Number of protein chains: 2
Amino acid sequence: MRVRQRDIAQAAGVSQASVSLVVSGRASEGGISPSTQDRIRTAMEELGYRPDPVARSLRGGRSGLVGVFTYEPVFPARPDEYFHEFLVGIEMAAADRGQDLVLFSSTQQADGRRSIYAGGSSRLQHADGSVILGMHRDDDELARLAKDEYPFVSVGRYDPVPEAAWVEVDYDGAVRAIIEDFHRAGHRAIAYVAGDNARLPSLARRHAFAASTRGDTTQILTETEFDENTLGTWRDSGITAVIAENPDIAEKVERAAARAGLRVPDDFSAACLDTPLRSGRSASWSHLLIPKREVGIRSVNLLAAILDGKLPRGHHDSVQCASHHLGTIAAERV
Amino acid sequence: MRVRQRDIAQAAGVSQASVSLVVSGRASEGGISPSTQDRIRTAMEELGYRPDPVARSLRGGRSGLVGVFTYEPVFPARPDEYFHEFLVGIEMAAADRGQDLVLFSSTQQADGRRSIYAGGSSRLQHADGSVILGMHRDDDELARLAKDEYPFVSVGRYDPVPEAAWVEVDYDGAVRAIIEDFHRAGHRAIAYVAGDNARLPSLARRHAFAASTRGDTTQILTETEFDENTLGTWRDSGITAVIAENPDIAEKVERAAARAGLRVPDDFSAACLDTPLRSGRSASWSHLLIPKREVGIRSVNLLAAILDGKLPRGHHDSVQCASHHLGTIAAERV
DNA sequence: ATACGTACCTGTTACGTATCAGGATGTGAC
DNA sequence: GTCACATCCTGATACGTAACAGGTACGTAT
C-alpha cells in the first residue's frame with residue numbers, strides 16, 4: 001500500500017540503507033556513486049515515495065512538532081485578542097523553523113478542565129517540546145512536567161516552577177518611562193488600580209510600579225475597592241494621576257469619571273499598564289505596548305535552542321517592553 | 001532514560017507482551033491473571049511509565065492527531081472572525097473525541113505561500129487525516145492529495161475536487177425564507193450585490209438566490225459595479241429590495257445609502273447572506289446564521305467516520321442554515 | 001605475489017509498541 | 001493413563017527509518 005524505502009531499494013537494486021542515505025541527503029558523504037543515486041532517485045520518483053514522519057521520529061527522536069499547551073481552549077468562544085498575538089508569533093516562528101504546531105485539545109476532560117497527566121498516556125510526547133500558554137495553570141502538574149525533563153517554555157515569567165524555561169516581559173523600563181512622564185507633568189501623588197487576581201503578569205506590573213515610584217505618594221486599590229466615589233476621594237486627597245493595571249480597569253475608571261463629570265486628562269492624568277483592545281474606549285490612554293508577538297517568537301526559538309542543547313532547560317529570556325504615550329498625561333493643575 | 005514496557009516487564013518478571021496487554025486494557029481478555037496484572041500495574045506506578053505515542057502510532061497506524069490545513073496562517077495578523085468559529089467547532093469536536101490538532105505551519109514556504117508537497121516529506125502524514133480550511137486553495141495539490149488516498153475533509157463544498165469529502169452549508173432553505181419575507185412585504189424586484197470573487201461560498205449563495213427568486217425581477221451586480229449612483233438607478237427602475245452577498249458589501253450599501261439620503265428599511269428593504277461581524281454597522285440587517293461551529297464539529301466527526309471506515313472517502317455532509325430576520329424588511333410603499 | 005588504500009555499498013541493530021500464533025501448565029473426564 | 005480443554009502467559013514479528021560498523025572489489029605500490 002504505502003511506498004517504503006524497502007520498495008525503492010528493490011526497484012533500484014540496492015539496499016534500504018542506501019535509499020535512506022539518499023533520502024537524508026548524505027548520499028555522497030555515505031559513498032553512494034552518482035549513477036546509483038540517480039537510479040534511486042528515479043525509483044523514488046516513479047513509485048511516489050514519501051518518507052513516513054512517524055517512523056522518522058521514532059528512530060531519530062525528533063518529530064518537528066512543537067506543542068502548544070493551555071489550560072483553556074486555544075480557540076475561545078469569542079476571538080480572544082489577548083492571547084491571539086502570542087499565537088501569531090508562535091505560528092510565525094514555527095513556520096520559519098519548518099515546524100508544525102500541536103494543540104493539545106485531547107487533554108480536555110469531561111468537566112472541560114484540561115490536564116496533562118489525566119489520560120495516563122502523556123500525549124505531549126507527540127511533540128518534541130511544548131510552549132505553555134495562558135493564565136490558569138496547574139503548578140503541580142507543570143512542576144512534574146519539569147521533573148520529568150519534558151522540554152517546555154512558559155510564555156511569561158513563571159515563578160511557581162523556577163526550573164521551567166520562560167520568556168518574560170520586562171515591564172520595568174516601560175513603567176518607569178510612564179512614571180517619569182507623570183513626574184515631568186508635575187504629578188507626585190499616583191493611584192494604582194490593581195486587578196483582583198494574583199496572576200503573574202499582574203504581579204509583575206505591580207512590582208514594576210512599586211519599583212518606579214520612589215518618593216511619590218502612592219495608593220494601591222483593588223478593582224473591587226474602586227467605586228463611584230473613589231475618584232472624588234482621590235481628588236480631595238490630592239491624587240492627580242491614575243494607573244490602571246489592565247484595559248478592563250481602565251474602562252471602569254473611564255466610566256466612573258464620566259459619571260462624576262470628571263475628564264481625562266483634564267482632571268486626572270491616566271495610563272494603562274497593558275495594551276488596550278482595539279475597540280476599547282481606553283484605547284486613547286497612554287499605555288504599554290506589550291511585545292506579545294515577539295514573546296511568542298522567542299518562546300519557540302528558546303524551545304528550539306533547548307532541544308538543540310544550546311541552552312539549558314531552565315533558561316530565562318526577557319523581552320523589552322515599550323510604552324505608547326498618548327495625550328492622557330497633562331500638567332498638574334496648580 | 002525513558003521507561004519502556006521492557007523495563008516494566010523486567011521489574012514485574014513478565015514479558016513485554018504482557019505489559020502491553022495491561023497497558024492497552026486487554027489484560028483479562030488476553031488472559032493475564034489478576035495477581036499478575038497487579039504486579040505489572042505496581043511496577044508501572046513505581047517506575048513512572050508513560051506510553052510513547054510515537055511508537056504507538058508507528059505500530060498501530062493511528063496517532064490521534066487531526067490535521068488542520070490552510071493555505072493561510074491559522075492565526076492571522078488580526079483576529080479573523082470569519083474562520084474563528086469553524087476552529088472553535090473543530091477544537092470542540094477534537095476535545096470530545098480525545099484527539100489533538102496539528103496546524104501545519106511548516107508547509108509555509110519562503111514566499112509566505114503554503115504548499116503541501118513543497119518540502120518533499122509530506123508532513124501531513126503526522127496526522128491520521130486533516131481538515132482543510134480556507135478560501136484560497138491549490139486545487140491541483142488537493143486533487144493529488146485525494147489521489148494519494150490521504151483522508152481529508154473540506155470545510156465547505158469543494159467542487160473542484162469532487163472526490164474530496166466535505167461538509168457544506170445548505171443555503172437554499174435559509175435564502176428561500178428571506179426571499180419569502182420579501183415577497184410577503186410586497187417586493188417583486190430585487191437586486192443582488194455579489195463579491196468580486198468566484199469563491200465557493202459566494203457561488204453557493206448566488207446559486208441559492210437564483211433558485212429562490214423565480215418570477216421576480218432580479219438584477220445581479222458585482223461589488224465593483226456598485227457605486228454611488230446605483231441606488232438611485234434602482235429606485236427609478238422600481239427595485240425595492242437589496243441583498244448583499246457578505247457583510248463588507250452590506251456596509252458599502254449602507255454607506256452609499258446614507259450619503260444618498262436613503263434609509264433601510266424605509267427606502268430599501270435589505271438582507272445579507274452571511275453572518276455580519278459583531279461590531280459591523282450592518283449587524284442589524286436581516287441575515288443568515290451560518291452554522292460555522294456546527295460545520296467545524298461535523299468536519300472532525302466526518303473525518304473520524306472516514307478513518308473508521310464507516311463512511312466512504314468521498315462522503316458529503318450538509319448542515320442546515322438558519323436566517324435571522326430583523327427589521328430591515330418593510331412593506332413596499334405603494 | 002602480497003599488502004594497502006579507496007570507492008562503494010550492505011547487514012544488522014535499535015527506536016517502543018501491538019498482535020498473532022502458539023507453548024507450558026494444570027484440571028477434569030473417561 | 002491418556003486425551004481434551006481451559007488458563008495463563010510468551011516468543012517472534014512487524015511498523016519504517018537511521019546509523020554504525022564493516023564487507024567486497026578493484027587498483028596501486030612494493
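Here is how names work: the chains are called A, B, and so on, in the same order as the sequence lines, proteins then strands, and each is numbered from 1. All values below come from the heavy atoms of this structure, side chains included, with hydrogens, waters and symmetry mates left out. All values reported here derive from a predicted model rather than from experimental measurement.
The environment of CD in Gln10(B) is sparse: at most 12 heavy-atom neighbours from other residues, nucleotides or ligands sit within 6.0 Å.
Under the 3.5 Å distance criterion, the side-chain polar atoms of Ser63(B) are matched with a main-chain donor or acceptor of His126(B). Judged by distance alone, the side chain of Arg2(A) and the main-chain N or O of Arg50(A) form a donor-acceptor pair under 3.5 Å. The backbone N or O of Glu168(B) lies less than 3.5 Å from no partner atom in the side chain of Arg157(B), so there is not a single donor-acceptor pair. Distance alone, capped at 3.5 Å, places no donor-acceptor pair between the Arg123(A) side chain and the Phe104(A) backbone. A donor-acceptor contact shorter than 3.5 Å links the side chain of His316(B) to the backbone of Ala164(B).
Along DNA chain D, the stretch of nucleotides lying under 4.0 Å from any heavy atom of chain A spans, 5' to 3', dC15(D) to dA19(D).
For dC15(C), the OP1/OP2 oxygens have a side-chain nitrogen or oxygen of Arg6(B) closer than 4.0 Å.
Scored by the salt bridge (Lys or Arg N to Asp or Glu O under 4.0 Å) test, Arg293(A) finds Glu85(A) as partners (sequence neighbours excluded). By the side chain to side chain contact (heavy atoms under 4.5 Å, CB included) test, Gln109(A) pairs with Asp111(A), Arg113(A), Ser115(A), Ala118(A), sequence neighbours left out.
Side chain to side chain, Tyr117(A) and Asp148(A) meet the donor-acceptor criterion of an N or O pair below 3.5 Å.
Computed from coordinates, the Leu58(A) CG to dC15(C) C1' distance equals 4 Å when rounded to whole Å. Between Arg26(B) atom CZ and dA18(C) atom P the separation is 9 Å, expressed in whole Å.
The aromatic ring centres of Phe75(B) and Phe75(A) sit less than 6.0 Å apart.
Ion pair Asp140(B)/Lys147(B) not flagged as a salt bridge, since none of the NZ, NE, NH1 or NH2 atoms sits closer than 4.0 Å to an Asp/Glu carboxylate oxygen.
DNA chain C is contacted by Gly30(A), Gly31(A), Ile32(A), Ser33(A), Thr36(A) of residues 29-42 of chain A, taking any non-hydrogen atom closer than 4.0 Å. DNA chain D is contacted by Gln16(A), Ala17(A), Ser20(A) of residues 7-22 of chain A, taking any non-hydrogen atom closer than 4.0 Å.
Using cut-offs of 30° and 60° for the angle between ring planes, the Phe69(A) and Tyr71(A) rings count as perpendicular.
Arg62(B) comes within 4.0 angstrom of nothing in the nucleic acid, heavy atoms only.
Remark: of the listed residues Val68(A), Leu101(A), Ile90(A), Ile90(A) is the sole one forming a side-chain contact (heavy atoms from CB on, under 4.5 Å) with Val300(A).
Over its length, the helix from dA1(C)-dT30(D) to dC30(C)-dG1(D) turns its helix axis by 80°, as judged from the five terminal pairs at each end, rounded to 10°.
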